[in-house]
Student: 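Below are the structure tokens for one structure; questions will follow.
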Amino acid sequence: MQTVGLAGSVLMIGLAWMTSAAVDAEARQVDDSAWETLVPNARRPAPQVVSGGQPSAEQLKSAREAGFRTVINLRGEGEPGAKGQEIEALGMEYRAFPIASAEDLNEENARAFSALLADADGPVLLHCGSGNRVGALFALSAFYVDGATPEEALEKGLASGLTGLEPVVRQRLGVPGE
């Protein structure tokens with residue numbers, strides 16, 4: 001039997017950890033070939049995040065098969081769509097962050113949204129009814145959390161799905177309407 005010694009043991013443990021971390025990171029990569037079909041109005045607002053409208057049950061299964069681990073739902077309690085138990089039954093984590101009205105589009109929720117995304121086990125499927133609220137929160141998060149200018153934040157929101165809530169977001173950011 002060969003002995004390795006303390007330094008050798010530490011090296012072997014370190015190599016085992018690095019190999020495990022690399023395998024885990026590889027397992028967390030999303031199959032990019034079909035992300036646009038996972039939700040209506042699909043966007044890629046951040047690395048390891050696909051966002052858009054309410055996914056169907058079939059799209060949720062496809063998301064799991066593509067490697068998604070977490071679903072974040074911005075829809076309010078009374079809105080239709082898949083609920084947590086259905087998503088968890090697929091083996092994904094479910095997080096609800098209800099944004100029920102324009103009043104919910106504020107600095108506090110933008111910061112909480114940013115923290116929720118940072119804490120999520122990725123890859124993440126993020127949705128509301130159409131992607132509009134998702135885009136609004138990305139805009140506000142860019143401004144309040146990331147320090148983007150109001151114009152940069154608005155661009156981020158528009159690229160992330162912001163549509164009908166644009167006037168509200170412009171007002172919050174202090175960007176004049178067009």
Side-chain angles (χ1 to χ4, degrees), residues 20-77 79-100 104-148 152-165 169:
S20 171
V23 169
D24 189 44
E26 185 176 312
R28 291 175 184 240
Q29 294 301 310
V30 174
D31 177 4
D32 280 339
S33 65
W35 71 267
E36 292 176 321
T37 64
L38 293 177
V39 289
N41 306 318
R43 307 290 173 101
R44 293 290 298 264
Q48 298 294 301
V49 175
V50 169
S51 68
Q54 175 67 51
S56 67
E58 193 58 42
Q59 287 170 321
L60 287 168
K61 288 177 189 169
S62 295
R64 176 63 185 134
E65 291 168 6
F68 284 83
R69 294 181 170 300
T70 302
V71 175
I72 299 174
N73 179 4
L74 302 183
R75 299 190 90 176
E77 285 291 317
E79 293 184 74
K83 298 299 178 202
Q85 66 272 17
E86 297 170 36
I87 292 165
E88 289 169 348
L90 293 171
M92 295 185 285
E93 184 177 344
Y94 175 77
R95 301 218 180 151
F97 189 75
I99 302 298
D104 293 333
L105 297 175
N106 55 48
E107 180 177 356
E108 179 182 351
N109 280 338
R111 290 184 182 283
F113 170 76
S114 183
L116 180 65
L117 274 179
D119 186 48
D121 187 19
V124 175
L125 183 65
L126 172 63
H127 76 88
C128 59
S130 67
N132 186 29
R133 287 173 273 189
V134 172
L137 280 174
F138 267 106
L140 296 174
S141 176
F143 180 72
Y144 291 117
V145 178
D146 301 332
E152 291 168 337
L154 183 61
E155 284 180 35
K156 175 68 174 181
L158 291 169
S160 301
L162 176 63
T163 56
L165 289 169
V169 171

Student: Is a side-chain N or O of T70 found less than 3.5 angstrom from the main chain of D121, in a donor-acceptor match?
Tutor: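 Here the side-chain-to-backbone pair exists.
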Student: Between N41 (side chain only) and G53 (backbone N and O only), is there a donor and an acceptor less than 3.5 Å apart?
Tutor: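 Not at all, since once roles are kept as given, no pair shorter than 3.5 Å links the two residues.
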Student: Quick one: closest heavy-atom pair of N106 and Y144, and the distance?
Tutor: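 Shortest heavy-atom separation between N106 and Y144 comes out as C-CE1, 4.5 Å.
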Student: How far apart are the closest heavy atoms of P123 and G67, and which atoms are they?
Tutor: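 Reported closest heavy-atom pair: CD-O, 3.3 Å.
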Student: What I'd like to find out is whether the side chain of E86 reaches to under 4.5 Å of the side chain of L60, using heavy atoms alone.
Tutor: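 No - every pair of side-chain heavy atoms lies 4.5 Å or more apart.
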Student: Do side-chain atoms of N109 reach the backbone of D104 as a donor and acceptor pair under 3.5 angstrom?
Tutor: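 Yes; judged by distance alone, with no hydrogens or angles, the pair exists.
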Student: How many angstroms lie between atom CG of N73 and atom CD of Q54, to the nearest 0.5 angstrom?
Tutor: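 Going from CG on N73 over to CD on Q54, the span is 6.0 Å.
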Student: Would you call K156 and D146 a salt bridge, taking side-chain N to carboxylate O under 4.0 Å as the test?
Tutor: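 Salt bridge absent between K156 and D146.
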Student: How close do A148 and F143 get, counting heavy atoms only, and between which atoms?
Tutor: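 Minimum heavy-atom contact is O-CD1, 3.3 Å.
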Student: Out of curiosity, S141 OG to E107 CD, how far, rounded to the nearest 0.5 Å?
Tutor: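 One finds 10.5 Å between OG of S141 and CD of E107.
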Student: As an exercise, state the distance from CG of L90 to OG of S62, rounded to the nearest 0.5 Å.
Tutor: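 L90 atom CG to S62 atom OG measures 10.0 Å (nearest 0.5 Å).
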Student: Below 30° counts as parallel, above 60° as perpendicular, anything between as tilted: where do the rings of F97 and F113 land?
Tutor: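 Rings of F97 and F113: tilted, as their planes differ by 30° to 60°.
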Student: Answer whether the closest heavy-atom distance between the side chains of R44 and V50 falls below 4.5 Å.
Tutor: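 Yes. Closest side-chain heavy atoms under 4.5 Å.
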Student: Could you tell me which non-hydrogen atom of Q59 sits nearest to which non-hydrogen atom of P40, and how far apart they are?
Tutor: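 For Q59 and P40, the tightest heavy-atom pair comes out as OE1-CD, 4.0 Å.
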Student: Taking side-chain hydrogen bond (donor to acceptor under 3.5 Å, both in side chains) as the test, write out the residues that go with R43, two or more places apart.
Tutor: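 Per chain and number, R43 pairs via side-chain hydrogen bond (donor to acceptor under 3.5 Å, both in side chains) with no residue.
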Student: So do the side chains of N132 and L162 get within less than 4.5 Å of each other, counting heavy atoms only?
Tutor: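 Heavy-atom side-chain distance check passes, below 4.5 Å.
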Student: Where do I99 and R133 come nearest, in terms of heavy atoms and distance?
Tutor: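 Taking I99 first and R133 second, the nearest heavy atoms are O-NH1, 2.8 Å.
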Student: Drop me the distance from L74's CG to L137's CG, to the nearest 0.5 angstrom.
Tutor: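 Rounded to the nearest 0.5 Å, the CG-CG separation comes out at 6.0 Å.
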Student: Within the structure provided, determine whether C128 and E79 are in side-chain contact (heavy-atom separation under 4.5 Å).
Tutor: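 Sidechains of E79 and C128: no contact.
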Student: Determine whether S51 and H127 make a side-chain contact, defined as any pair of heavy atoms from C-beta on separated by less than 4.5 Å.
Tutor: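 Not in contact.
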Student: Looking only at heavy atoms, which two atoms of L125 and P55 are closest? And how far apart?
Tutor: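 The answer is CD2-CG, 4.3 Å.
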Student: Could you check whether atom CD of Q85 has more than 12 heavy atoms from other residues, nucleotides or ligands sitting under 6.0 Å from it?
Tutor: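 Buried by this count: over 12 neighbours within 6.0 Å.
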